[in-house]
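Read through the structure below, which is laid out as structure tokens, and then see the notes.
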Number of protein chains: 2
Amino acid sequence: MLLQNPTKQAAVTTADKVFEQLQHAIVEGDMAAGSKISEPELAKHYQISRSTLREALNRLEKCHLIERKANIGSRVVDCTIEGLLELYITREALEGMACRQAALNMTDEEIAHMQDMLAQHAGDKALQDGVAYYQEEGDVDFHYKVILGSHNQQLINLICGQLYHLVRMYRCQFGMHSPRATRAFTEHSNIIQAISDRDGELAELLMRRHIAASRKNIENKIALQKAEQES
Amino acid sequence: MLLQNPTKQAAVTTADKVFEQLQHAIVEGDMAAGSKISEPELAKHYQISRSTLREALNRLEKCHLIERKANIGSRVVDCTIEGLLELYITREALEGMACRQAALNMTDEEIAHMQDMLAQHAGDKALQDGVAYYQEEGDVDFHYKVILGSHNQQLINLICGQLYHLVRMYRCQFGMHSPRATRAFTEHSNIIQAISDRDGELAELLMRRHIAASRKNIENKIALQKAEQES
DNA sequence: TTAAGTGTAATTGTCGACAATTTTTTAAAA
DNA sequence: TTTTAAAAAATTGTCGACAATTACACTTAA
């Protein structure tokens, strides 16, 4: 799995390690969305003290994977359709702007590197029928590169450090392997073109459409599922 | 002061209260930007244990007012010009989208209420020469109402829960009382018009220009200060 | 004088116990 | 039986102490 947040350093403290394990467990759905978290129970399970666990919980709260109420406790966040759509709207705003900034701020080397990556994905895509690989790693790789390319620490922190954990959670829980592989590839290609043309306005527009298309794709899928259930 | 985050509940636990005090101290500059934080010292100063203090520090980290490194400690964030400009770019993206969503999602009552508020500000403005009051509370009130009007919890949390603490910090530290009062008022007025017309696209555009204008205003001021220092 | 290494002091991370609050259970009254 | 109240259990918040790591001062060698 290369889907890691590229901005964080290695986990050194035990709270860090437990945080990563919990993060994984929540994202993958091993801890049910919306379920209550028992501090004594979890601390015992990971063989750590409650203080250390709470430190880990604080980090989970930072990336919005759990919610906390004073004197009541923590819950894993709920995965609702509304939440998913809200997340995509936020992504549209942030990644759109990141893409604009990338067009202004990326170095020529960074752009070249991203073009190489895309070319390689194109090869892989042709090789293995273009479905499985590209959707997962390829897509995330691309988006990360654009975000980092913005050279805007504020945007990078917000998107990579917080939003993307939730994105991965929703991807897992709703079992999204969108059938948009080829179209997404073309869209990525066009975005890179706009960036290398240093056309910030177009780059932002294309990225927003790219994400909006994903959102609409999901909306359709949801509507379809709903129709199936009713039949 | 009405400049509080409108989304949070009252502080119940002592860690909450210390958090608020520290937040104030950092925003107002009583704790120097970039300075190191000594846990034993602060704990003694507030007469609480280190555990409680660390809980408060975690909350400060959540709204990006301090930065933490494992085994090394915490520092108050640095206020740099680059950071300020990055912040405004992020605001442009997020608040622009929030404004678009507000045009789609606000209730008629909410819109009416916002129009009332603006009218009242207009009165105050005429009354007291329109400078002092409007810039501070009026501006923040307006922006908060728009953000909340998006009815998008994700956007609301990001902007009100995190970004705006930093915004206030920069405002204090850089002593910003922008001379844009009258122009800002007109811009607010136009934005509300777009929202009440349910024109999301225009609403977003206007909000982005509004924030971009603030950013450019700051850039000019900085350039001016730099020129002064050199003379 | 500078550089590297060592030992001490200080700071952060982790732990288990107690206090305060909330939830559940139990008992009593309507 | 349902509702209310009180008691008990469980959970979260806070505390002080110890362990691990880092920062600093001092010594020693180049």
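Below, read A as the first sequence line, B as the second, and so on, with proteins coming before strands; counting in each chain starts at 1.
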For each nucleotide in nucleotides 13-20 of chain D, reading 5' to 3', give B when a protein heavy atom comes within less than 4.0 Å of its base, S when such contact involves only the sugar-phosphate, and - otherwise. BBBB----
Hey, does the side chain of Asn152(A) reach the backbone of Gln154(A) with a donor-acceptor pair shorter than 3.5 angstrom?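 Yes; judged by distance alone, with no hydrogens or angles, the pair exists.
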Walk me through whether Ile156(B) and Ser150(B) qualify under side-chain contact (heavy atoms from CB on, under 4.5 Å). CA-CA 8 Å; Ile156(B) 294 169; Ser150(B) 73; 4.0 Å; yes
Got Val76(A) and Lys36(A) here, is their nearest side-chain heavy-atom distance under 4.5 Å?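 Result no, sub-4.5 Å side-chain heavy-atom pair not found.
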Would you check if Val146(B) and Glu95(B) make a side-chain contact, meaning some heavy-atom pair closer than 4.5 Å?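 No, every pair of side-chain atoms sits at 4.5 Å or beyond.
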Quick one: Leu57(A) CG to dT12(D) P, roughly how many Å, whole number?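 Whole-Å distance recorded here is 9 Å.
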Salt bridge (charged side-chain N to carboxylate O under 4.0 Å, His left out) partners of Asp108(A), counting only residues at least two apart: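 Partners of Asp108(A) under the salt bridge (charged side-chain N to carboxylate O under 4.0 Å, His left out) test: Arg198(A).
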His165(B) and His24(B): aromatic ring centres closer than 6.0 Å?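 No, they do not, as the ring centres are separated by 6.0 Å or more.
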Pair His188(A) and His121(A), ring centroids less than 6.0 Å apart: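 Ring centres of His121(A) and His188(A) not closer than 6.0 Å.
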Could you tell me, to 10°, how much the axis swings from one end of the helix from dT1(C)-dA30(D) to dA30(C)-dT1(D) to the other, five pairs per end?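 It works out to 20° between the end axes.
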Going by atom types alone, do Glu82(A) and Gln153(B) pair a side-chain donor with an acceptor below 3.5 Å?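 Checked: Glu82(A)/Gln153(B) side chains show no N/O donor-acceptor pair below 3.5 Å.
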List the atom pairs, with distances to 0.1 Å, where a side-chain N or O of residues 65-74 of chain A and a protein N or O form a donor-acceptor pair under 3.5 Å, not counting sequence neighbours.
| from | atom 1 | to | atom 2 | distance (Å) |
| --- | --- | --- | --- | --- |
| Arg68(A) | NH1 | Asn58(A) | OD1 | 3.0 |

Counterpart residues, ring-ring contact (aromatic ring centres under 6.0 Å, His included), relative to Tyr88(B) (two or more places apart):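 ring-ring contact (aromatic ring centres under 6.0 Å, His included) check on Tyr88(B) returns nothing, list empty.
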DNA chain D contacts made by residues 31-38 of chain A, counting heavy atoms under 4.0 Å: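 Here the set is Lys36(A), Ile37(A).
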